[in-house]
Each structure stands twice: as structure tokens, then as C-alpha cells.
Amino acid sequence: VKIGKQIVINSPILQPQQLEQIYRQTELSVVTLDTLFTADLEDSQQNQFNITSALDKLADQVEKLAATNTDIIILTDLGVSHDLAALPAMLVIAAANQRLIQRGLRFSSSLIYQTGQASSTHDIACLLGFGASAVCPLSVYSRAQEIYQNGDDVELALKRFQKAVEKALMKTMGKFGLCTAESYIGGEFFESNFIDTEDPQLKKLFPNIHSPVGGARFSDLAKSAANW
């Protein structure tokens, strides 16, 4: 029987140097996937198609990697540019998580999200709740570098942010009687507000979430992603 190895991290909120340590270790296999798409600001239907195609392709890649025993899959929108926009982070993690569940591969790989779309405690709580094992918030790191010129000050600011998110996450978990991040990750302990969970594309991504009042549809999210 093959005994699998694991990396144990003290927090599901990663600082850039901590993510770099995961890249550099040699005990577990690590593969990075870009979470980007070509935005179309002129044709909304084509823009929606581009996002749907990119999500499907990403889910296929995640499934293939998990099926071949890749230990850690890092999803990243670091490569965002004038030509490539970032896929909505919640749609990405939901698509990857649901595909692995459907194929019975959810425990084969861990998903880490390196994203500029997670700047608040709520953002990070949602990404973890829908399947990310850890999140590295790029925008927080970039903002810290803008504010502080000294490297030590940047490191201190990131530690304070990390601690604040951990405390907020503990409060959220406490509402459900949970005391560990492992119990919270992927649990989908949410009630949707202002999103139409009956929209066919969103229902596919969030099959266990139901909104009593409706709200934004996939087309709205696609437009927002292109403009963002």
C-alpha cells in the first residue's frame, strides 16, 4: 500500500513566500494552471462563450491532473493582461471542485488559488468554502508593496492581514460548529443572495446553493468579468 505524503500548513491564507516554498519542495508534485480567458467587450454572447469554454477546459485539465495523481494544483490569474482577463474566481473554484466530485477524484489533489480577486475576508472564506485548500491573495501583497517601501514593513503588514483573516474565518466556522479549516473547506456552508441559482450555467456550478430571491445571472457575471 502506497502511503501518501502531505504538506501541513499553519494557515489556509498563504503569503507569496509561503507559496514559493510549496513550489520549491520536491516531495509532492505541483502543477500550475492559468485561470484566464479572452474577453470580448463588443459581443456579449461571444464573451459568455469564451468564459464557458475556458471553464470547461480548465475543469478538464484539473480532472486529468487529479487522475494522474498530481498532488497540488495551483490555479492562478497572475498572468492577467490587456489581452487576457481573469475568469471569475468563484466560478473557477466551483467548476474545478464540482468536476473532481463528479469524477470521484476530490481527494486526489489539493487546489490552491493564487488570485488578485481575493482582497477581503469574505472573498477568501468563499473560495475556501467552495473547494480551495488555500488562497494566496495577490492584490493584498501588491497593495502592501505600494504602501510600504521597507521589506520588513511589507512582511509585517501581510502577517497582520493573515491573522485578521484567520480570526474572521474562525468566527464564520464557529457559526457552523466547526473548529478546523479542514472541516470547512469545500463544505459550501452558504446561502446565496442576489445571484440567480436557477440560471442553467450557475446551477451547474453551484448545485447545492439555492437563492430564494434570484439575482445576477451568468450573463451579468460574464459582463462584469470582461469589464474588470
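- Leu100 and Leu205 fall within the same hydrophobic cluster, where Ile, Leu, Val, Met, Phe, Trp and Tyr residues are linked whenever their side-chain heavy atoms come under 4.5 Å apart, directly or through other members.
- When Thr32, Leu28, Leu111 are each tested for a side chain to side chain contact (heavy atoms under 4.5 Å, CB included) with Ile72, only one passes: Leu28.
- Of all the heavy atoms in Tyr184 and Ala125, the pair that sits closest is OH-O, 2.8 Å.
- Just one residue in the list Leu19, Leu33, Val31 forms a side chain to side chain contact (heavy atoms under 4.5 Å, CB included) with Ile74, and that residue is Leu19.
- Considering only heavy atoms from C-beta on, Thr197 stays 4.5 Å or farther from Leu202 through its side chain.
- The shortest heavy-atom contact between Ile124 and Ala118 is CG1-CB, 4.0 Å.
- For Gln17, the CD atom sits in a packed shell: over 12 heavy atoms of surrounding residues, nucleotides or ligands are nearer than 6.0 Å.
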Next item on the list: For side-chain contact (heavy atoms from CB on, under 4.5 Å), just list the numbers for Gln117 and Asp77, CA-CA rounded to whole Å, side-chain angles, deciding distance to a tenth of an Å, and then say yes or no.
Entry: CA-CA 9 Å; Gln117 300 176 64; Asp77 54 30; 3.0 Å; yes
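- Ring geometry for Phe206 against Phe130 counts as perpendicular: the plane angle is over 60°, on a 0 to 90° scale with 30° as the lower cut.
- You'll find the side chain of Glu166 reaches within 4.5 Å of the side chain of Gln162, heavy atoms only.
- Residues Ala216 and Leu221 approach most closely at CB-CD2, 4.4 Å, considering heavy atoms.
- Two residues are said to be in side-chain contact when any heavy atoms from C-beta on lie closer than 4.5 Å; Asp43 and Phe49 fail this criterion.
- Here the shortest heavy-atom pairing between Val154 and Gln145 reads CG2-CA, 4.1 Å.
- Linking ILVMFWY side-chain heavy atoms closer than 4.5 Å, directly or via other members, places Val165 and Leu178 in a single hydrophobic cluster.
- Nearest approach of Phe194 to Val213, heavy atoms of both residues: N-CG2, 4.5 Å.
- Here the straight-line distance linking atom CZ of Phe37 with atom CG of Asn50 works out to 7.5 Å at 0.5 Å rounding.
- Side-chain contact between Thr172 and Thr121 is absent, with no heavy atoms from C-beta onward closer than 4.5 Å.
- Across every non-hydrogen atom of Gln15 and Glu155, the tightest pair is OE1-O, 4.5 Å.
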Next item on the list: Could you walk me through whether Leu58 and Leu75 pass side-chain contact (heavy atoms from CB on, under 4.5 Å), step by step?
Entry: CA-CA 9 Å; Leu58 180 69; Leu75 309 171; 4.2 Å; yes
